[in-house]
Amino acid sequence: MAKLSKILTEPLNLNNPVTVQILGICSALAITVKMKPAVVMALSVMFVLSFANVIISLLRNTIPTRIRIIVQLVIVAALVVLVDQFLKAYLFDISKQLSVFVGLIITNCIIMGRLEAFALGNKPLPSFLDGIGNAAGYGIILVIVSFFRELLGSGTIWGFRVIPMSAYAHGYENNGLMILPPMALILIGTIIWIQRGIFKELQGRS
Amino acid sequence: MGLRHFLDKLKRKVEPGSSLHFLYATLEALDTFLYVPNKVTTKGAHIRDAVDLKRVMTAVVIALMPPLLFGIWNIGYEHFHILGMQTNLWQNFGYGLIKFLPIVIVSYLAGGLVEVIFAQINKEEVSEGYLVTGLLIPMIIPVDTPLWMVALAAIFATIFGKEVFGGTGYNIFNPALLARAFLFFSYPRWMSGDKVWIAGLPDGISGATPLGQLSQATTVEQLNAIHAHFSVADMFFGFIPGSIGETSTLAILIGAAFLIYTGVGSWKTMLAAFIGGGFMGWLLNIFATPTNPYMAVPFWEHWLLGGFAFGMVYMLTDPVSSAHTELGKWIYGFLAGLMAILIRVLNPAYPEGVMLAILLMNMFAPLIDYLVVNGHIKRRMKHAQLLNGMNLKI
């Protein structure tokens with residue numbers, strides 16, 4: 001039981017897919033301008049990753065090693081299409097904002113990485129928890145980055161105005177750089193910096 | 001020697017083991033700032049030379065004085081000129097000083113505070129590196145930039161331009177240019193356009209820089225009208241609106257002479273940059289069409305306009321971020337000048353390409369050095385093998 005909870009919680013911090021394994025950076029740059037799409041993206045990745053992990057884990061003894069990447073891609077692609085259709089049906093606005101990046105979940109390195117590294121060698125339940133944990137770890141970073149980008153770049157959080165209009169009247173301005181992808185990279189770098197400053201055991205790894 | 005005595009007394013209070021020891025780095029910085037440190041290297045091979053970091057930084061600050069003084073005067077001149085008032089030298093200078101001093105104080109305070117905090121955290125001495133950066137930042141931004149933006153940019157540049165790489169001497173990019181890039185992309189309204197270059201500009205009057213106007217010109221007639229308004233002499237002496245320190249090419253050349261004389265800035269980098277910019281301008285002149293008159297702007301005017309001279313003299317030659325090999329300096333400078341004019345003329349989104357060109361070349365400087373050094377090694381190796389082969393035959 002302790003082992004299972006470790007599988008679930010370790011990716012949240014000490015083995016975070018984004019800040020420690022440095023995976024999935026590309027989508028973290030693209031969809032973190034606003035918080036809402038970022039959260040939807042994190043949930044989509046969570047759905048795809050946990051179920052892909054379970055399916056691959058169930059099939060792990062029957063997939064021939066030489067074609068496993070193709071099998072993984074087919075499964076992930078099928079799940080991504082499901083998510084895409086769901087978003088188009090129920091969250092059309094956000095689906096439009098996310099545009100191609102929903103489809104690009106297929107190529108998200110975290111998903112292939114977890115399938116290869118974990119699901120192929122573990123039972124379905126731990127694989128499921130591993131998927132949830134890693135997607136949550138990815139989601140935490142997305143939320144932190146998008147929080148600062150939306151707050152400083154647009155003056156809003158979750159679409160609600162936080163920085164009052166009177167501040168703008170006194171000369172405050174939104175930071176245009178926050179809207180641009182480079183700032184997302186700098187923010188992720190800052191998170192890594194702070195994380196390694198607090199958890200010294202991460203410093204030795206590279 | 002009351003001050004010396006006072007400092008020594010303070011220093012005893014922050015000795016290792018005392019409760020105030022955490023303030024040691026700050027006091028040490030204050031001490032080396034006020035007095036020449038008497039510590040010398042004791043171990044290992046080293047060259048003893050009077051030129052230390054402080055001396056180099058002071059040389060750059062002195063070299064910055066001509067464009068700085070002219071820039072301060074020009075703030076006042078442009079302000080009163082656009083209002084149609086006749087003023088004397090001291091009125092112009094006084095008005096400029098009132099506008100400029102707050103910016104430079106904010107820049108030094110914000111960036112210096114970051115330096116001190118990081119020195120405290122890392123238990124190091126505060127280095128003199130910020131002395132130049134803190135002065136460069138106010139000189140490359142428009143006079144009307146709000147002070148909180150200056151502070152933010154100085155803090156950003158010091159943290160992400162310098163401290164994350166390991167502090168003074170380890171930075172890849174020129175920190176002052178990074179501050180400008182931060183402002184340019186964060187608050188484009190304050191860094192370009194026709195409203196920010198002249199202090200106290202009345203509503204409804206355009207205060208665009210000659211460069212900004214030229215980039216907007218769509219016909220040859222407009223181009224000629226701009227030239228009638230700003231003569232080449234104006235551009236050379238600097239009686240034009242622009243960022244505070246960049247307008248006077250003459251003042252910059254005086255500073256450049258000082259930099260070259262003291263050996264802090266490389267004449268090869270500067271000359272190569274001007275050749276590169278001139279070459280690109282000349283190339284564009286050849287392909288200029290009546291529908292794109294901006295390309296027909298004579299190449300020597302590109303040397304005089306905008307931040308080209310300032311950037312190529314003071315920023316490109318930064319001893320930390322520029323190329324270090326002799327051949328590398330030529331390549332580095334030439335490409336920087338080339339890119340600056342290329343971006344300036346052909347990319348309408350960035351009327352001033354100098355900043356981006358220098359940052360780009362900063363990134364390539366280590367690669368250029370690597371290639372040059374490897375080229376040397378290969379050539380010498382070939383030579384050695386040749387000699388070996390001859391010996392064998394004999």
Side-chain angles (χ1 to χ4, degrees), chain A residues 18-20 22 25 28-30 32-34 141 144-157 162-200 202-206, chain B residues 102-103 106 110 114 117-118 120-123 141-167 170-173 175 177-193 195-196 349-350 355-356 359-360 362-363:
Chain A
V18 182
T19 60
V20 178
I22 321 290
I25 300 285
L29 303 187
T32 50
V33 177
K34 295 267 165 71
I141 302 301
I144 297 174
V145 172
S146 62
F147 173 82
F148 285 109
R149 286 184 79 186
E150 189 175 349
L151 177 67
L152 300 174
S154 315
T156 58
I157 288 175
V162 178
I163 292 172
M165 289 318 267
S166 59
Y168 292 90
H170 284 94
Y172 176 80
E173 283 204 24
N174 287 329
N175 190 316
L177 196 57
M178 282 285 170
I179 309 282
L180 302 171
M183 205 58 194
L185 202 60
I186 292 174
L187 281 175
I188 291 178
T190 312
I191 294 171
I192 294 175
W193 186 8
I194 294 170
Q195 193 191 16
R196 292 193 181 197
I198 298 172
F199 302 97
K200 300 266 191 260
L202 290 172
Q203 287 180 4
R205 288 201 215 165
S206 59
Chain B
I103 303 179
V106 164
V114 176
I117 290 171
F118 271 87
Q120 282 288 1
I121 294 172
N122 297 334
K123 302 205 168 35
I141 56 176
V143 59
D144 266 355
T145 315
L147 293 178
W148 66 272
M149 288 182 190
V150 178
L152 205 62
I155 291 169
F156 178 87
T158 316
I159 295 179
F160 291 101
K162 210 153 79 174
E163 297 302 342
V164 291
F165 294 109
Y170 297 96
N171 44 306
I172 298 174
F173 301 109
L177 262 188
L178 213 61
R180 193 185 194 279
F182 174 81
L183 286 175
F184 183 82
F185 288 105
S186 296
Y187 311 105
R189 205 161 64 80
W190 291 95
M191 295 304 285
S192 49
K195 294 287 169 209
V196 295
Y350 304 119
M355 170 185 83
L356 298 168
L359 287 175
L360 186 74
N362 279 173
M363 210 155 59

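Quick note: numbers below take in every heavy atom, side chains included, and nothing from hydrogens, waters or symmetry partners. Residue numbers begin at 1 in each chain, while the letters A, B, ... track the order of the sequences. Just so it is clear, the model here is predicted, and its values are computed rather than measured.
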Interface moiety of I159(B) toward chain A, non-hydrogen atoms closer than 4.5 Å:
side chain
Side-chain heavy atoms of [X] within contact of [Y], under 4.5 Å:
X	Y	value
M183(A)	F185(B)	no
F184(B)	L177(A)	no
Y187(B)	N174(A)	no

Using the six-membered ring wherever Trp is involved, compare the ring planes of F160(B) and W193(A) and label them parallel, tilted or perpendicular (cut-offs 30° and 60°).
perpendicular
Give a yes or no on whether Y170(B) atom OH has more than 12 heavy-atom contacts from other residues, nucleotides or ligands under 6.0 Å away.
no
Stepwise side chain to side chain contact (heavy atoms under 4.5 Å, CB included) test for F182(B) and N175(A)
CA-CA 9 Å; F182(B) 174 81; N175(A) 190 316; 3.5 Å; yes
